[in-house]
> 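First the structure, then my questions, so here it is.
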There are 2 protein chains.
Amino acid sequence: MDEPVLLTGAGGAVGQAILEGIGDAYEWKLMFHSPPAEEPDHEYLVGDVITAEDVEAAVEGVGAVIHLAGDPRPEAPWDSVLSNNIDGTKKMYEAAVEAGVEKFVYASSNHAVGAFETDRRTPEMYRSDDDFLLDGTELPRPGNLYGVSKATGEVLGRYYHDEYGIDVCNIRIGNLTRGHPPIDYERGQAMWLSYRDCANIHACALDADYDFEIVYGISDNDRKYYSIQRAKDVLGYDPQDNSAHFDGEDRVVEPDA
Amino acid sequence: MDEPVLLTGAGGAVGQAILEGIGDAYEWKLMFHSPPAEEPDHEYLVGDVITAEDVEAAVEGVGAVIHLAGDPRPEAPWDSVLSNNIDGTKKMYEAAVEAGVEKFVYASSNHAVGAFETDRRTPEMYRSDDDFLLDGTELPRPGNLYGVSKATGEVLGRYYHDEYGIDVCNIRIGNLTRGHPPIDYERGQAMWLSYRDCANIHACALDADYDFEIVYGISDNDRKYYSIQRAKDVLGYDPQDNSAHFDGEDRVVEPDA
């Protein structure tokens with residue numbers, strides 16, 4: 001990647017995981033919604049994804065976009081996700097193709113498929129002896145309006161890829177937590193994404209060759225109901241973490257202990 | 001269906017096809033965007049799908065909804081489809097589940113999958129000796145922003161079905177023309193939907209039992225790249241027309257002539 005990578009939503013948890021892990025590996029242009037508390041180590045701007053001028057300024061001169069910005073709350077109200085997530089993502093794609101950006105990595109979400117977790121399937125599907133597995137080829141089943149907005153972001157990516165040729169990778173991000181997996185939360189353990197694996201899969205999405213992809217972004221957990229095979233095969237994703245390697249006391253345990 | 005059926009977008013072409021074909025078979029409550037030129041034969045109101053009060057008034061007392069309203073133009077600009085089609089459909093679902101409506105038939109569109117028609121596949125896929133076939137289980141590939149809005153309407157239906165239990169049938173409507181198929185337009189012949197088949201498939205969607213469906217709404221054309229098998233199997237759709245039974249002079253020809 002010769003040109004800078006635009007990272008929107010740089011102040012959020014996913015943005016921080018990316019910058020901590022691969023901040024030195026790329027030239028970045030960060031976009032914050034609010035002025036950052038500390039002066040960033042990289043070029044940055046402050047702006048809103050629903051403001052066309054901000055978005056146009058953001059994509060200027062970049063070769064790729066990692067688009068994380070939006071309302072991140074699973075319980076976000078419709079008006080917010082309609083504007084910030086759906087309209088904001090559309091504006092970002094529009095500006096990106098206009099500016100000749102070649103690659104767009106979109107932060108989709110496990111919530112785009114949350115309604116697969118039916119009463120009948122849970123909690124068994126969260127356990128390692130259950131064989132229920134989603135692989136990204138299934139039609140979305142959002143569990144909330146935030147999930148509807150993320151599924152729509154994927155559809156927008158499909159349109160901009162087909163119409164303008166921009167390469168698009170949608171990463172359905174699992175449960176990102178720093179340091180160790182969620183405790184006493186089987187679902188979160190099944191879809192855990194460690195900080196370093198989060199950085200790793202985004203690096204892979206910046207470096208790999210593909211046309212349009214939908215992959216799951218989780219660590220290599222023993223428990224899982226999202227396949228990471230496609231991310232391995234197409235992106236070269238090589239996860240280092242597994243929620244089973246932690247016990248309830250937050251201590252790392254040996255894999256075979 | 002004991003209670004009236006709300007038909008939104010009643011003044012449009014699909015609404016007219018439905019009313020001409022099955023206007024006497026159900027009790028209707030029509031919703032028009034603009035006052036109708038002639039006094040309708042059924043109860044009606046004039047309102048806008050993006051106005052909550054209008055939508056709440058519309059669903060009051062109805063047992064089912066056929067939701068056709070929205071900007072119908074394939075070339076409609078984003079702001080219009082974002083508001084009228086995406087937000088409007090969300091408001092209609094929200095009001096419908098709040099009012100206890102049991103069944104929601106959504107006018108999706110061939111444009112939700114228009115980008116499957118790549119340069120490499122066309123025009124061969126429009127012809128009867130080609131075996132390319134979409135069946136509704138594929139992920140959307142919209143060919144325009146109108147198609148993005150229709151794919152999003154399907155996702156909204158999935159969410160409202162999963163979350164609230166309302167039965168949802170998405171009909172990806174083909175090329176509806178009165179009297180005869182489009183002339184000198186292979187694509188339109190392949191996805192032709194006659195007026196009576198349009199009325200028929202909507203009657204089936206009102207009468208059949210299902211949970212959540214995505215079906216193609218086209219006549220039984222010799223040329224076709226949309227499967228109607230699911231509509232036949234689940235809805236009992238029994239199409240009467242076939243674009244191959246018309247010649248270029250608009251005259252009906254014998255099937256085996």
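Just so you know, these numbers come straight off a predicted model, no measurement behind them. Sequence lines set the chain letters: A, B, ... in the order given, protein chains first and strands last, and positions in each chain run from 1.
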> Taking B:A112, B:P142, B:A115 one by one, which has the highest count of heavy-atom pairs under 4.5 Å against chain A?
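The candidate making the most pairs under 4.5 Å is B:P142.
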> Supply the atom-to-atom distance B:Y159 OH to A:R141 CZ, rounded to the nearest 0.5 angstrom.
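It is 13.0 Å, given to the nearest 0.5 Å.
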> Just checking A:E138: does its CD atom have more than 12 heavy atoms from other residues, nucleotides or ligands closer to it than 6.0 angstrom?
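More than 12 within 6.0 Å, yes.
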> Would one find more than 12 heavy atoms of other residues, nucleotides or ligands at under 6.0 Å from atom CD of B:E102?
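Result for CD/B:E102: open.
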> For side chain to side chain contact (heavy atoms under 4.5 Å, CB included), just list the numbers for A:V148 and B:Y160, CA-CA rounded to whole Å, side-chain angles, deciding distance to a tenth of an Å, and then say yes or no.
CA-CA 10 Å; A:V148 170; B:Y160 280 95; over 6 Å; no
> Where on B:E154 is there a heavy atom nearer than 4.5 Å to chain A: the side chain, the backbone, both, or neither?
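Answer is neither: B:E154 stays 4.5 Å or more from chain A.
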> Hey, what do you get for CH2 (B:W78) to CD1 (A:I86), rounding to the nearest 0.5 Å?
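So the gap between those two atoms works out to 6.5 Å.
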> Most heavy-atom pairs under 4.5 angstrom with chain B, which of A:L145, A:D79, A:L156?
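Most heavy-atom pairs within the cutoff with chain B belong to A:L145.
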> Stepwise, does the side chain to side chain contact (heavy atoms under 4.5 Å, CB included) test hold for A:D162 with B:F116?
CA-CA 9 Å; A:D162 283 335; B:F116 279 101; over 6 Å; no
> Answer yes or no: does atom CG of A:D233 have more than 12 heavy-atom neighbours from other residues, nucleotides or ligands under 6.0 Å?
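Correct, the count exceeds 12.
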> Evaluate side chain to side chain contact (heavy atoms under 4.5 Å, CB included) for A:I214 paired with B:L139, printing each intermediate quantity in order.
CA-CA 11 Å; A:I214 298 175; B:L139 287 166; 4.0 Å; yes
> Considering residues, nucleotides and ligands other than A:E124, do more than 12 of their heavy atoms fall under 6.0 Å from its CD?
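Above 12, so yes.
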> Under a 4.5 Å heavy-atom cut-off, does chain A meet the side chain of B:T137, its backbone, both or neither?
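The answer is the backbone of B:T137.
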> From B:L82 CG over to A:K90 NZ, what is the distance, rounded to the nearest 0.5 angstrom?
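Result: 9.0 Å between the selected atoms.
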> Take atom CD in A:E163; do more than 12 heavy atoms of anything else shown fall under 6.0 Å from it?
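Enclosed: over 12 neighbouring heavy atoms sit under 6.0 Å from CD of A:E163.
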